Each structure stands twice: as structure tokens, then as C-alpha cells.
Amino acid sequence: MELSEILRVRREKLAELQDAGNDPFKIVKYNKTHNTKQIIDNFDEMEGTTVSVAGRLMSKRDMGKVTFSDLQDREGRIQLYIRLNEIGEEVYTQVKKYDIGDIVGVKGEVFKTRKGEISIKVSEIILLSKSLQPLPEKWHGLKDMDLRYRQRYVDLIVNPEVKNTFIIRSNIIKSIRKFLDDRGYIEVDTPILNTIPGGAAARPFVTHHNTLDIDMYLRIATELHLKRLIVGGLEKVYEMGRIFRNEGMSIKHNPEFTTIELYEAYTDYKGMMELTEQMIANVAQEVLGTTKIVYQGEEIDLTPPWNRMTMIESIKKFANVDFENITTDEEARKVAKELKVHVEDKHTRGEIINLIFEEYVEGHLVQPTFITDYPVEVSPLAKRKPDNPALTERFELFITRREMANAFSELNDPIDQKERFIKQVEAREAGDEEANMMDDDFINALEYGMPPTGGLGIGIDRLVMLLTDSYSIRDVLLFPTMKPKD
RNA sequence: GCACCAUUAGCUCAGUUGGCUAGAGCACCUGACUCUUAAUCAGGGUGUCCGGGGUUCGAGUCCCUGAUGGUGCACCA
């Protein structure tokens, strides 16, 4: 295949270097003393000292016998001042052939130009890697979403805010770990390859194990394994990791995404509520330095305590219907019809409450709000409220109209749990592909006795979106799922 | 899954009612320049107009179809 001129020229430059015995790809290391930010931030102490830095050339201003260039490393950029007299004719001729995108190591004195820009007066420069592909244009960057997602490495080179998002993502994750570790939690790893996918209502990815000759499922949640560990006496556990759901993609859904689930013995959903607001506020404070943030133009106040409302109260408030007075499935269906919420004959009162909530309430929940007391029909793993067995000790957290967390007092009654699994299996047999499967071993674990336990799950990607003001989940995933081009 | 929009040079984008050899800026190439910073100055267009059909004397432009992406809806406790 014929290369365009722009690609051909760079390959020729590389071949020339190789022919002259200067193959940049044979260089194995470079000793740098500083990064660009250290020099910029500490200029007063560093002026006049000799440093070595390494990075990518991002621009070039060739003035004949002097060349200015900007070197970019992870922390920032610094200007290079490359003077013929300083480095000699032979090296300077090489420098003239350097391209934007090349990786170099330089040594030189820190100084400030007449125009006041902190720079390095280069005394030694060496090509550490040749770039054979031209970078996108210098002030518009890379805008094509398709290219940005498929070639994230280019996006990261030319769009600084992208790099920043993923540094914040890393800091958020570190901050969460520290928060939980400081409270005596232990981090665990449970299987991603499952023979029974459980802990959530979702369609799994199916794969095959050749030696065992069985189908296996990628996990859709970590819940059931983590609760087994509570049975085992680990008392406080968490797992942060990737889960997989074979469902649609959207601005807030990717087939693989990251959650944290945590379980703590001897507490309940109210304990989880406090932990949730403390943890998220703490993360925001540590990572962003504030608990008052802006998401897509809306101010969000993450300062605890957050709003709390039962699901039935929220429906009363936003749909003007009081389910305290609606006790039968038939009445509930009638109300749904009046509210123009589509329900089927099989739907029960609890399911209808949930459907009305989704239709009428979610869209109002901008500031952090805990919605509590979910119907038992939509909460197959949550403990019933002692004074009302139709409801569960559960909450979901909503911020910016999005579900951010889900938590409950964990159901530890093996007989009740088995009955709820049976109901799920019936739903599955009736065609609901997202209903839970029977997990006999999990029931067995509960039969040994699980202490009263609070459990919590948080969508890490959605939290990162919130804290980095990212519009799409794809903007917080380094390599979002993409369809192959051909 | 449905609808709408997009796809033109390495990148960011123009391209009129269907009309002559498809344009600009950056990048790149040649040359000048020892404090520039969107460096400047002089010269040079490097292209599968997303793919495949069709209409037409003539298609980047119109029609059909496919691909990928974006957005909305649906799906997703």
C-alpha cells in the first residue's frame, strides 16, 4: 500500500537514522532528574541549575540557528531553547529533522527567556523514540469522537482535559480504598467467571470453559460471593472491580463497568446510608477540595446529611398519589392507568409502585437523595421491614437524576431467600431473562447463619462522571466498548 | 431495536441550484532567519469526497443500500 507523503517522509527519516547507526528504537533507558512541573513550580530555586527531562515534542519554532520547542511529559510542558552554538553543528542538524511527536531526552540549564517563559537551555539532546504518525492539529486537538475512543492514546496526547479526567478517576479510587481501609475493611477478589450469575437483575455474557466443557457467565454483580464471606466471618469486606452486563449501551451504560460493593456485619441500611454520604463527601473533599460541585451546569451540594424520603412519600410528593391508601394489586393498576404508566396484568402493587417511581420521581432527584423502603417484589435480596413485610430495608441514592448507589439490610433468612429465588426462577421461566437464577450454595451459606449485615453498591463510573463533570460514561472509560470498524 | 444527524487531505473544517482540474488553516516538503511562543517570510497540495449500487451528458452534492460514530427514545431494579 502506498503511503501518503507525510508518512513516507517520517519513515525515510527513521531509515536514515538507522543507516547512520543512530536507531532510536535501540535506546533502552534515559535518566531524568525532574519532570516539567517540578521545574515550573520551583523555578526560583532551580534557576541556573542543570536538569534532564524527557517527553514528547509538541511544537517547533525553527528560527534558523535557534529552535524553540515544547516538551510535554505527564505533568505538563516546558519550552526548550536549542541553540546551534550550544550543541554543535552535528547535533543541531539532527534536531532540525526532529518531528512533532518525537520523544526526546534533554539536559540543560533552567532559565527564563526575555519574554519571561521558563525554559531549558539545551546542552544535550537525544532522540529516544521516533513518531511515524503525525499528531492532530495543535489548537483544535482531536475532536472526532470515534477516533478519540478508538485511539485513546492520541486523545491523551493532545487533549489535556482527558488526561486530567483519568488522573482524577485514579485519585477517586485511591480515596475510596483509603476511606474503607481506615475503617477496618478488607479488600477481596471474587470470581469473575461464574457458573451461576447472581446478585442483580441483568442478562449475563456467556462464555465456555473448554476443559470442564461447561458454559460460564461473566459476573453481573459481586454480591452473593461477598455475602458468603460475611458468613465466613470476615465481617467487613469490599471489592472494587469490573462487572459485565449484556445490555444496551447509552450515555450512562457500558457493557463492562466498575462497581464497588461492600458489606459490614452488625449494621443495617441506615448504617450504609451514613457511610455512603460520609464516603462520597470525603472523596469529593479529598480529590476536588470541596463538597459543592457543578455537574453539567447544575450546582450539586454533597455536604452531608442528604435528603431522605421513602419511595411512597416521594410518589405522594411528585405524583400526588398516596399508596398508603392503596392496598390491592387491582387498585394499584387502576392508579397506574390514571397516571398513564404502562402496567401489565401480572404486575403487583409493589412492582407498580416502582414503575410509577421511575416515571414520576427519578427526574426530580437532582440533589443527593436517599429513596428508602423499596417494595419486596423488586428487592429479592433485601431484608423486609419488621413492621411492614411488603417493604424492604433498602435505599437507592440518586444524584443528578441518576442512580448512584443501592444498599440494603441484607436478607439473612435462608427460608425467605429460597422462596424469593423460586419467585425469580418462575419469572425467568415466564420469559424474564433478567430474573435471578437459583443459587443453592448461597442458600446453604445462609443456612449456616449470616449476621445482620448492611451492604452497599456504588457505580464507580457514574461517581467519576459526577466528580469530573463528564457528560458520557465513555468519557470516564479509557477504552469504552466499540464496535469493530469492519 | 427505532428515529434524526454526521462521515471531504494526517488533523480541524468549507464546498452555493448537480457543472469545468475538489478548497482553507494547521501539519508536512524546499529555502531565509541566533529570544520565538498560533513565530514570521517566499514557494510547493500530499485526496478511496466512508463502502456498494443507481439516476444523469455530468454526482462530494440527488435516490437506494450497507458500515461506523454521535444524540434522543426504547432496553437497563
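All of these numbers come straight from a predicted model, not from anything done at the bench.
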Which nucleotide in B:C33, B:C35, B:C29 has an atom nearest any side-chain atom of A:Y81:
B:C35

Test your reading of the model: is there a side-chain donor-acceptor pair from A:R152 to the backbone of A:F479, 3.5 Å cut-off?
no

Report yes or no: is there a donor-acceptor pair, N or O only, under 3.5 Å between the side chain of A:E117 and the base of B:U36?
no

Stems where RNA chain B pairs, listed by first number, each of three or more Watson-Crick or G-U pairs under 3.5 Å:
B:1-7 with B:67-73, B:10-13 with B:23-26, B:28-32 with B:40-44, B:50-54 with B:62-66

Go through B:C28, B:U34, B:U71 for me and flag the one nearest to the A:V66 side chain.
B:U34

Shortest side-chain distance from A:R61, nucleotide among B:A27, B:G70, B:U37
B:U37

With the threshold set at 4.0 Å, does a side-chain nitrogen-carboxylate oxygen contact exist between A:R61 and A:D70?
yes

Residue A:R114, side-chain heavy atoms: nucleotide from B:C35, B:U34, B:C33 that is nearest
B:C35

Please pick, from B:C28, B:A77, B:U37, the nucleotide with the shortest atom-to-atom distance to any side-chain atom of A:A200.
B:A77

Close N or O pairs between protein and nucleotides 7-11 of chain B (under 3.5 Å):
unit_1: B:C11; atom_1: O2'; unit_2: A:E137; atom_2: N; d: 3.2
unit_1: B:C11; atom_1: O2'; unit_2: A:G141; atom_2: O; d: 3.1

Counting distance alone, no hydrogens or angles: does the base of B:U34 have a donor or acceptor under 3.5 Å from a partner atom on the side chain of A:N85?
yes

Counting only distance, no hydrogens or angles, is the base of B:U34 paired donor-acceptor with the side chain of A:T67 under 3.5 Å?
no

Heavy atoms from C-beta onward define the side chain here; which of B:G70, B:U36, B:A39 lies closest to that of A:K138?
B:A39

As a test of understanding, state which of A:W306, A:F370, A:F357 forms a ring-ring contact (aromatic ring centres under 6.0 Å, His included) with A:F398.
A:F357

Choose from B:U68, B:C35, B:A77 the nucleotide whose nearest atom is closest to any side-chain atom of A:N354.
B:A77

Contact check, side chains of A:P255 and A:F244, non-hydrogen atoms, under 4.5 Å
no

Does A:Y81 have its ring centroid less than 6.0 Å away from the ring centroid of A:F68?
yes

